[in-house]
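Numbering of residues begins at 1 and proceeds along the displayed sequence. Atom set for the values below is all heavy atoms of this structure, side chains included, hydrogens, waters and symmetry mates excluded.
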Amino acid sequence: MSVAKLTEAERDDALIQLDGWTLGRDGAAIERTFKFANFVEAFGFMTSVAILAEKQDHHPEWFNVYNRVEITLTTHDADGLSQRDIKLAKAIEELL
């Protein structure tokens, strides 16, 4: 199934609405680093994100060390950012 890639204008408008997310991969992804008090809080957050991602059938690329979780969102089917990335980023923000 083909997924529509966001235009630069759509991408820029969406990014304004997302707190702490920045462009990565030459505009083909959005990224954010989250810091928590400890590993247990970070892992709990990752578990919550995993449940959201599974429900949306859209999975993040992420990296975790102790209390830090780095998340990258991109849509491989769109070869860049899509509305799916923005929707998941907003859902992730609601967890905080």
Roughly how far apart are [X] [atom1] and [Y] [atom2], rounded to 0.5 Å?
| X | Y | atom1 | atom2 | value |
| --- | --- | --- | --- | --- |
| Arg32 | Ile71 | CZ | CD1 | 8.5 Å |
| Asp12 | Leu23 | CG | CG | 6.5 Å |
| Phe34 | Arg68 | CZ | CZ | 13.0 Å |
| Thr74 | Lys5 | OG1 | NZ | 8.5 Å |
| Thr22 | Ile30 | OG1 | CD1 | 9.0 Å |
| Ile86 | His58 | CD1 | NE2 | 9.0 Å |

Using a strict cut-off of less than 4.0 Å between a Lys/Arg side-chain nitrogen and an Asp/Glu carboxylate oxygen, indicate whether Glu61 and Arg25 qualify as a salt bridge.
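Answer for the salt bridge query: yes.
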Can you confirm whether Asp77 sits close enough to Ser2 that some side-chain heavy atom of one is under 4.5 Å from a side-chain heavy atom of the other?
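Asp77 vs Ser2: side chains apart.
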I'd like to check Gln56 versus Lys87 (side-chain heavy atoms, cut-off strictly below 4.5 Å). Are they in contact?
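A side-chain contact under 4.5 Å exists here.
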Any donor-acceptor pair under 3.5 Å linking the side chain of [X] with the backbone of [Y]?
| X | Y | answer |
| --- | --- | --- |
| Asp85 | Ala89 | no |
| Glu10 | Thr7 | yes |
| Thr47 | Phe43 | yes |

Begin from the C-alpha positions of Thr72 and Phe63 and carry the test side chain to side chain contact (heavy atoms under 4.5 Å, CB included) through to its verdict.
CA-CA 9 Å; Thr72 299; Phe63 178 78; over 6 Å; no
Any idea how Phe36 and Phe45 line up, ring-wise: parallel (<30°), tilted (30 to 60°), or perpendicular (>60°)?
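Judged by the thresholds at 30° and 60°, the geometry between Phe36 and Phe45 is tilted.
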With a sphere of 6.0 Å drawn around CG of Asp79, does it hold more than 12 non-hydrogen atoms of other residues, nucleotides or ligands?
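Count not over threshold, so no.
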So does Asn38 have more than 12 non-hydrogen atoms from other groups sitting under 6.0 Å from CG?
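Above 12, so yes.
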Would you say [Y] ends up clustered with [X] if hydrophobic residues are merged whenever their side chains have heavy atoms under 4.5 Å apart, either directly or through other cluster members?
| X | Y | value |
| --- | --- | --- |
| Leu18 | Leu95 | yes |
| Trp62 | Leu88 | yes |
| Leu15 | Leu6 | yes |
| Leu96 | Met46 | yes |

Heavy-atom pair of closest approach, residues Arg84 and Thr75:
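Shortest heavy-atom contact: CB-OG1, 4.3 Å.
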